[in-house]
Participant: 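Take this structure, written in structure tokens, and hold onto it; I'll ask about it next.
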Amino acid sequence: MDLEFELRKSIRNAMTDLFGQVTATEQLQPTNQEFEGSHTLVCFPLTKISKKSPEQTATAIGEYLVSNSGIVTRFNVVKGFLNLVIADQVWVEVFKSIYADKNFGLLPSNGRELMVEYSSPNTNKPLHLGHLRNNFLGYSVAEIYQALGYTVHKVQIINDRGIHICKSMAAWTLFGNGETPQSSGIKGDHLVGKYYVEFDKNYKAQTKELMEKGMPEAEAEKKAPIMLLAIEMLQKWEAKDAGTVQLWKTMNGWVYEGFGSTYKRMGVDFEKLYYESDTYLLGKDEVLRGLEQGVFFKKEDGSVWVDLTGDGLDQKVLLRADGTSVYMTQDIGTAILRFKDFPKIEGQVYTVGNEQEYHFKVLFLIMKKLGYPWAEKCYHLSYGMVDLPTGKMKSREGTVVDADDLMQEMVDEAEKQTRELGKIEDATEAQIKELSEIIGLGALKFFLLKVDPKKRMLFDPNESIQLQGHTGPFIQYTHARICAIIRKAEAMGVKPNEGELMQVTALEPAELEVIFMINNYINKLNEAARDYSPAVIANFAFDLAKGYNQFYQTIPIFNESDAAKLKFRIAFSQVVADVLKKSMRVLGINVPEKM
RNA sequence: GGCUCCGUAGUACAAUGGAUAGUAUUUCAGAUUCCGAUUCUGAAGAUGCAGGUUCGAUUCCUGCCGGGGCUACCA
């Protein structure tokens, strides 16, 4: 049964019968811990139609609900707040329908489609901590929408062209001596990153040398030989020079192989990859069309601009004076291409750091001005930077935390803890490795996802892997312990079934509390989707685990003499484990059955 | 300078305009005849400042202070 629906219906009936009209949205919220009840109706806004004081309004509705709703047994009024006590029988009924629904938390297809872009790295260096937040966020938002019945297309655009990759190519040509991932044993993306660093080192040295010979800084920066080589390579690449393209393909190939294994370990996936080398020429026609339509304008030098001063923004260039594209041009083209590739999507979510907020504001405005209705449904999933206890990550100071290294450290730490605790003595080495992977990555993902995406956050590796506190492993542990209980119940031959659940007529407060939370799961999924915030689900999972631990601590399970109650508590534990697992799943986190 | 986001216990995070601002960690004091104590209970501790709107403001508005980001014919 849908408790909230029934309750709202009864409240509206009450208002109609008592006051002759209803409000558009009655304000129903969870009751504060200190008062009796589970649902609270906020009655201040109702006084306009009730023509009574908040207390009188609340009391009148409360009395009506007790006599007419069939689900409310008691109520109390504190100021304008009407706290409602739902009958235990009703809670058992609510629980039963959740228990009976094997697909609880996974809604059937709603026929709607959405695209989520995330990751989208440059191909000149390996992924770092910031990319981890990006990937986990994008993946999780996609999973949340999927759980709600959407068809979600996960994509990314790979920035595989441009001066940045030519820099790595130039350095490799000069100093590589034919080094490959195979010959060196270095992961492909790290190898290319190594030459990017190598480029930078030499470039700085050469610039300095030229300046010492009396060349002004600006000129030296342009004339450093290694930079000239990179620029030459970019020009050759654009002219489709065979050798340059071949080298470019080879080095990008190394990067993709490296990224591939990183994504695999992260547990993220993509339905389709867009490559900038394929899309960077798109968008120009669209801009010219917009120019004809008068959406854009041309300056005397021939460059094409959009004027957004009327929208509180600036003027923005879309085509350079020489007719070439800028980044924005390409993004316009890519957006349109994606809607052609996936005609049924109603919008796109772009998971990109908050330093690009202005860019996306402009992009969406341009799409709107060009007359694309889906522009309204595009969302920039903007997220803040990740800081470390040691401070800010800065590439110049070499304090960037590498994604592969960090994942490995987390897994190593998880393995160390697992072995020390020695609760998995019967496990094989392979099982221990697998478990460490689950815990280490779970710790990392949970910590990065539990914070509101748009906020800048601090990642504390040590805190994240603790098994007590607001962490992934705490939830994983709770799940594992429930699994132990269920194993024991099975061994004892205790098998709950739907029919017998209704024999339970009274619930403990801790049970009621947890059923309330579970019953709220779909609401939380909707809230998380609406706000594009996996943090909502992360906090839900944590609260649920904590709620179950209170039950676990205060209520005996196997010492219960009443067979119906014992079965109910086993079923109850099963449902909690299931919902923990599902809520962690949409975060991309797995939960072990033993740890 | 302009635009924008953020300022909540020592620390890290919560709070569709609603009740005495929650949680974790830390510190202190307790709890397990039973299921995995990696647990649970209790105590201590916070809304940057000044106004405004409201029955009611951490939330909305204005100003100030502090921090991040953007502000390229870069990506």
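Just so it is clear: chains get the letters A, B, ... in the order the sequence lines come, proteins before strands, and each one is counted from 1.
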Participant: Could you work out which one of B:G36, B:C74, B:C6 sits closest to the side chain of A:Lys454?
Facilitator: B:C6

Participant: Using only atom types and a distance under 3.5 Å, with no angle test, would you say the side chain of A:Arg133 pairs donor to acceptor with the backbone of A:Gly384?
Facilitator: yes

Participant: In terms of heavy-atom contacts, does CD of A:Glu593 have more than 12 from other residues, nucleotides or ligands at under 6.0 Å?
Facilitator: no

Participant: Do we get A:Lys546 above A:Tyr548's six-membered ring, with its NZ or CZ under 6.0 Å from the centre and within 45° of the axis?
Facilitator: no

Participant: In whole angstrom, what separates A:Asp452's CG from B:A15's C1'?
Facilitator: 12 Å

Participant: With sugar-phosphate meaning primed atoms plus P, OP1 and OP2, does A:Asn83 contact a base, only sugar-phosphate, or nothing at under 4.0 Å between heavy atoms?
Facilitator: base

Participant: For the residue pair A:Glu463 and A:Thr471, what are the closest heavy atoms and their distance?
Facilitator: O-CG2, 3.4 Å

Participant: I need the CG-C1' distance between A:Asp387 and B:A12, as an integer number of Å.
Facilitator: 12 Å

Participant: Of the nucleotides B:A14, B:C40, B:C70, which has the atom closest to the A:Gln550 side chain?
Facilitator: B:C40

Participant: Which heavy atom of A:Ile482 sits nearest to which heavy atom of A:Ala577, and what is that distance?
Facilitator: CG2-CB, 3.8 Å

Participant: Does A:Thr31 use its side chain to pair, donor to acceptor, with the backbone of A:His39 at less than 3.5 Å?
Facilitator: yes

Participant: Write down the distance between NZ (A:Lys316) and P (B:A75), rounded to a whole number of angstrom.
Facilitator: 10 Å

Participant: Return the nearest nucleotide to the side chain of A:Tyr327; candidates are B:C55, B:U16, B:A75.
Facilitator: B:A75

Participant: Just need the stems in RNA chain B: three or more back-to-back Watson-Crick or G-U pairs, each with both distances under 3.5 angstrom, sorted by first number.
Facilitator: B:1-7 with B:65-71, B:10-13 with B:22-25, B:26-31 with B:39-44, B:48-52 with B:60-64

Participant: Go through residues 541-549 of chain A and report each residue with a non-hydrogen atom lying under 4.0 Å from RNA chain B, sorted by number.
Facilitator: A:Phe542, A:Lys546, A:Asn549

Participant: If I pick the P atom on B:A21 and the same atom on B:A46, what distance separates them, to the nearest angstrom?
Facilitator: 11 Å

Participant: Using the six-membered base ring of B:G18, report whether A:Phe44 stacks on it, requiring centroids under 5.5 Å and planes under 30° apart.
Facilitator: yes

Participant: In whole Å, measure the gap between the C1' atoms of B:G42 and B:U58 for me.
Facilitator: 27 Å

Participant: Using a strict cut-off of less than 4.0 Å between a Lys/Arg side-chain nitrogen and an Asp/Glu carboxylate oxygen, indicate whether A:Glu4 and A:Arg8 qualify as a salt bridge.
Facilitator: yes

Participant: Let's see if you can work this out: which of B:A19, B:U4, B:G36 has an atom nearest to the side-chain heavy atoms of A:Lys361?
Facilitator: B:U4

Participant: Please give the distance between the P atoms of B:U38 and B:U26 as a whole number of Å.
Facilitator: 14 Å

Participant: Return whichever of A:Lys450 or A:Asn32 has its heavy-atom-nearest nucleotide of RNA chain B closer to the 5' end.
Facilitator: A:Lys450

Participant: Check whether A:Phe558 forms a cation-pi arrangement with A:Lys488 (NZ or CZ under 6.0 Å from the six-membered ring centre, at most 45° off the ring normal).
Facilitator: yes

Participant: Quick check: on RNA chain B, is the nucleotide nearest A:Glu34 upstream (toward 5') of the one nearest A:Glu355, or the reverse? Name the residue that is more 5'.
Facilitator: A:Glu34

Participant: May I ask you to decide whether A:Asp452 forms a salt bridge with A:Lys454, counting only side-chain N to carboxylate O separations under 4.0 Å?
Facilitator: yes

Participant: With C1' as the reference atom in both, quote the distance from B:A24 to B:U32 in angstrom, rounded to an integer.
Facilitator: 23 Å

Participant: Does the cation-pi check pass for A:Arg161 over A:Tyr275, that is, NZ or CZ under 6.0 Å from the six-membered ring centre and within 45° of its axis?
Facilitator: no

Participant: A:Ile465 CD1 to B:U25 P: how many Å, rounded?
Facilitator: 16 Å

